[in-house]
> 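Have a look at this one before I ask anything.
None of these values were measured; they are calculated from a predicted model. Excluded from the calculations below are hydrogen atoms, water molecules and symmetry mates; all remaining heavy atoms, backbone and side chain alike, are included. Chain identifiers are assigned alphabetically (A, B, ...) following the order of the sequence lines, protein sequences preceding nucleic acid strands; residue numbering begins at 1 within each chain.
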There are 2 protein chains.
Amino acid sequence: MKVRRIVVNKAERQRRLVRFLESDPFLTDEDLSQILRVSIQTIRLDRFELKIPEFKERVLTVAKNPGLSPRTLSSGELVGEMVDLEVGSSGISILTVTPEMALSKTSYIRGHHLFAQANSLAVAAIDAEIALTGIARVTFKRPVSCGEKVLARALIKLKKGNKYMVKVTSYVKDEVVFVGRFLIFAVTEEAIPQ
Amino acid sequence: MKVRRIVVNKAERQRRLVRFLESDPFLTDEDLSQILRVSIQTIRLDRFELKIPEFKERVLTVAKNPGLSPRTLSSGELVGEMVDLEVGSSGISILTVTPEMALSKTSYIRGHHLFAQANSLAVAAIDAEIALTGIARVTFKRPVSCGEKVLARALIKLKKGNKYMVKVTSYVKDEVVFVGRFLIFAVTEEAIPQ
DNA sequence: CTGTTTTTGGTACCTGGTACTAATTATATT
DNA sequence: AATATAATTAGTACCAGGTACCAAAAACAG
């Protein structure tokens with residue numbers, strides 16, 4: 001039997017799954033199914049094949065072995081939690097909406113949190129020491145409420161010299177809540193004053 | 001009203017409950033109900049009165065504690081300080097740039113802080129209980145550094161039903177650093193689910 | 001014996017799973 | 001093109017450890 005293309009995809013997906021969980025053990029099967037764009041059943045099959053324990057177990061392990069926790073690529077620079085980053089091409093981050101992000105009169109969060117997540121992800125995806133946003137065009141498709149998890153995907157659409165066009169789409173479950181197009185400039189270290 | 005015997009028991013039980021959870025946060029309500037010889041409902045009542053979160057939350061807190069919650073954006077309703085507001089027509093706010101808004105490699109602040117100031121000002125300028133941003137088109141004219149004061153001016157350009165077009169221009173001294181156009185929707189209280 | 005507090009019981013619902021079966025889709029081989 | 005096989009998805013029943021709510025029972029004070 002020859003190696004099938006789908007098998008390659010499966011192995012690659014499983015490698016990615018392991019990477020994601022190593023960098024962030026707090027991802028649920030649902031998060032992973034959204035990140036990897038497969039059904040939740042597939043994630044469970046993968047986890048089973050890879051002998052990766054369930055969410056509760058992972059959290060317990062981290063909680064009971066404080067020294068072990070590798071913690072996320074939470075660079076502090078980023079709004080949200082980076083779960084994947086292929087510098088120069090794409091990135092994914094997850095933002096868990098907390099009550100203090102919301103407007104007092106509703107449970108809806110203020111738009112600039114979604115913007116911040118998308119903008120910082122877009123900037124992080126650029127392969128440059130320093131990147132600054134020049135122009136952005138964003139659309140808030142529907143309000144986001146407390147407790148929801150926002151998954152943002154960034155994709156570099158175009159690179160021209162030091163200019164990048166990055167498109168970010170943010171989802172809650174499978175619903176698009178935000179779309180943004182960012183024109184970002186890479187800045188060389190020498191160009192910075194002082 | 002005199003102190004009842006049962007009240008004493010209750011207070012004592014709650015003190016013991018706290019002690020047990022302090023020494024072992026991984027006790028479930030069922031464990032506690034067996035330790036303290038009361039029903040599980042009583043334990044839940046006690047936890048509620050003592051504002052002690054549930055098992056899952058406790059485990060998550062312990063697991064995530066190593067260096068978390070870096071606080072990204074101000075938690076107030078408005079980003080920046082409102083210095084003038086004519087509801088329904090215009091507004092001005094001032095944002096003093098602090099070092100934690102900056103990228104580590106430069107003194108430049110990340111664009112989403114300017115966006116947040118402009119967006120929250122635009123929303124505040126609308127004469128409505130609740131307003132949500134629909135579309136925004138923003139331009140970052142030049143980077144802003146630590147220590148600078150950003151003055152944002154919002155002007156309602158157009159009102160059509162519940163839709164508003166607000167233009168925000170932000171300055172450092174007399175220099176324009178940011179321009180944004182926001183399409184904002186006023187929402188009536190009844191339209192919000194729950 | 002009555003009124004109030006405290007405790008208990010029960011239901012419906014939630015998340016993040018396990019365990020299992022069956023159907024569907026994709027791909028490879030004949 | 002038909003078929004075998006791998007991979008994926010869908011669906012069900014069940015579990016722990018809860019939340020939220022309501023009603024009933026028990027404990028106790030006056």
> Taking the six-membered ring of A/Tyr171, is the NZ or CZ of A/Arg37 close enough (under 6.0 Å from the centre) and on axis enough (within 45°)?
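Yes, A/Arg37 and A/Tyr171 form such a contact.
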
> Give a yes or no on whether a salt bridge exists between A/Lys149 and A/Glu81, defined as a side-chain N under 4.0 angstrom from a carboxylate O.
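No, this pair does not count.
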
> Rounded to whole Å, how long is the line connecting atom CZ of A/Phe48 with atom P of C/dA19?
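Answer to the nearest Å: 7 Å.
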
> Among D/dT9, D/dA7, C/dT7, which is the nearest nucleotide to the side chain of A/Lys10?
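The answer is D/dA7.
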
> Nearest 0.5 Å, please: how far is NZ in B/Lys163 from CG in B/Leu158?
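Here the rounded value is 10.0 Å.
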
> Would you say a side-chain N or O of A/Arg13 is under 4.0 Å from OP1 or OP2 of D/dA7?
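No.
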
> Could you state the atom-to-atom distance from CD of A/Gln41 to P of D/dT12 in whole Å?
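It is 12 Å, rounded to the nearest whole Å.
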
> Just how far is it from atom CG of B/Asp29 to atom CD1 of B/Ile43, taken to the nearest 0.5 Å?
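Going from the CG atom of B/Asp29 to the CD1 atom of B/Ile43 covers 7.0 Å.
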
> Identify the pairs formed between an N or O of the protein and an N or O of nucleotides 15-18 of chain D at a distance under 3.5 Å, and give each distance.
residue	atom	partner	partner atom	Å
D/dG17	N2	B/Lys56	NZ	3.0
D/dG17	N3	B/Lys56	NZ	3.4
D/dG18	OP1	B/Phe55	N	2.7
D/dG18	OP2	B/Asp29	N	2.9

> To the closest 0.5 Å, what do you measure between CD1 (B/Ile184) and CD1 (B/Ile130)?
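Here the interatomic distance stands at 14.0 Å.
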
> When rounded to the nearest 0.5 angstrom, what distance separates OG in A/Ser170 from CD1 in A/Ile94?
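If we round to the nearest 0.5 Å, A/Ser170:OG and A/Ile94:CD1 are 11.0 Å apart.
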
> In whole angstrom, what separates A/Ile43's CD1 from D/dA7's P?
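Going from CD1 in A/Ile43 over to P in D/dA7 covers 15 Å.
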
> Rounding to an integer number of Å, can you tell me how far A/Leu45 CG sits from D/dA10 P?
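After rounding, the gap between these two atoms is 13 Å.
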
> Using atom CG of B/Asn9 as one end and atom C1' of D/dA26 as the other, report the distance to the nearest whole Å.
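Distance check: B/Asn9 CG to D/dA26 C1' gives 14 Å.
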
> Please state how far atom CD in A/Gln14 lies from atom C1' in D/dA7, giving the value in whole angstrom units.
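After rounding, the gap between these two atoms is 11 Å.
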
> What parts of residues 33-40 of chain B reach DNA chain C, counting only heavy atoms under 4.0 Å away?
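Listed by number, they are B/Val38, B/Ser39.
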
> Contact between B/Ile40 and B/Glu30 at the side-chain level, heavy atoms closer than 4.5 Å - yes or no?
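With C-beta onward as the side chain, the pair touches.
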
> Provide, to the nearest angstrom, the distance between the CG atom belonging to A/Asp31 and the C1' atom belonging to C/dT15.
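In whole Å, C/dT15 C1' lies 12 Å from A/Asp31 CG.
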
> Between B/Phe140 and A/Phe185, does the ring centre distance come in under 6.0 Å?
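Distance test on ring centres: not under 6.0 Å, no.
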
> Kindly compute the distance separating CZ (B/Arg16) from CG (B/Asn9), expressed to the nearest 0.5 Å.
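So the CZ of B/Arg16 and the CG of B/Asn9 are separated by 10.5 Å.
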
> What is the distance from CD1 of A/Ile52 to P of C/dT18, rounded to the nearest Å?
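Taking CD1 of A/Ile52 and P of C/dT18, I get 11 Å after rounding.
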
